[in-house]
Amino acid sequence: MVKVEVPATTANLGPGFDTLGMSLELYNEVVVEEIDSGLDIEVLGYGSDELERDKNNLVYKVMTEVFSKLSYEPKGLRIKLNNRIPLARGLGSSAAAIVGGLVAANRLTGDRLSQRELLNLATKIEGHPDNVAPALLGGVVISTLKDEEVIYKKVPVPELKVVVCIPDYQLSTKRSREVLPKKVEFKDAVFNISRTGLLISALLTEDYELISEALDDRLHQPYRQNLVPGLKEIIEKLSRKALGVTLSGSGPTVVAFTLEGEKDIGERMVSTFEENGVDAHYTITTPTNGGAIILED
Ligand code: HSE
């Protein structure tokens, strides 16, 4: 039996579209056991009423990628998913499923794939590295793709609190990417490049006064505002109260980084969503340097 714990992630971090991601202290568990025959999948927590329990299950599908790569044929599998990361909210639930499945399958087959190979495989499955990299490695990860190879750098997380405000509806990454333009203005690309640089240096030097400006973005959030009613107002209202506020991944969750006043910030985020007709709740967490870990063999 292999039990893997995988963190939630908040990707993009404002300007770092498809590039930056941070892992959070909120975990899914993937427990896998080889059995004599068949496929037995149990889902607890988020997705217990909607995730597939057959060969279409994402965790199962990614496990088979590892098995076929390593020419391994398990007799049967029992998979138990304990999901604490809400689905389709921009908190890396699919990245956690992919990474959890890959790490579990790799352990079952004797850890023959390196972390780098697992990251490349996870990125190929997910389509972009910004969630899967911190889910696997932990920390804040800056990543890019060169052909099918992920080039990345992990840097330590800042000592901040993260207020995570989760709307009561799902938004698929596919839908949230459909609204993005095919081309952007040169000045908007420069706007984001400069802020991405500022953000990383602000986090590394703990120069938190820079964060608010450094989280600004022109590549995705302006186009996604209509899919997340209240996003613009939350950013406007709370960017001075918190250190900075941004859409988490492709949304609809919004995250605020702060050193203090986290409950007040959370309540204001929820009430601003409510003023825009969206039910939401908030939770307070912290970034973590830890990525996917095997808890039990
Ligand atoms: N970078 C991706 C996007 C993250 O914003 O579409 C998806 O969670």
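Indexing begins at 1, ligand by ligand and atom by atom, following the structure's order.
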Hits for side chain to side chain donor-acceptor pair (under 3.5 Å) against Glu275, two or more places apart or cross-chain, chain-then-number order -> Lys237

Set out, in order, the CA-CA distance, both residues' side-chain angles and the distance that settles side chain to side chain contact (heavy atoms under 4.5 Å, CB included) for Phe257 and Leu215, then state yes or no. CA-CA 10 Å; Phe257 299 100; Leu215 281 178; 4.0 Å; yes

Could you check whether Thr10 and Ser248, counting side-chain N and O atoms only, form a donor-acceptor pair closer than 3.5 Å?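 Distance-only check passes for Ser248 and Thr10.
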
With no hydrogens and no angle check, just 3.5 Å: does a side-chain donor-acceptor pair link Gln225 and Glu233?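 Note: Gln225 and Glu233 side chains miss the donor-acceptor criterion.
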
Give every donor-acceptor pair under 3.5 Å between a side-chain atom in residues 76-83 and any protein atom, sequence neighbours left out.
{"unit_1": "Arg78", "atom_1": "NE", "unit_2": "Asp40", "atom_2": "OD2", "d": "3.1"}
{"unit_1": "Asn83", "atom_1": "OD1", "unit_2": "Asn28", "atom_2": "ND2", "d": "3.3"}
{"unit_1": "Asn83", "atom_1": "ND2", "unit_2": "Tyr46", "atom_2": "O", "d": "2.9"}

Output the set of protein residues with a heavy-atom contact under 4.0 Å to ligand 1, ordered first by chain identifier and then by residue number.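 For ligand 1, the residues that come within the 4.0 Å heavy-atom cutoff are Asn12, Phe17, Asp18, His128, Asp130, Asn131, Thr173, Arg177, Arg224, Gly249, Ser250.
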
Going by the rule salt bridge (Lys or Arg N to Asp or Glu O under 4.0 Å), which residues pair with Lys187 if we only count those two or more places apart in sequence or in a different chain? none

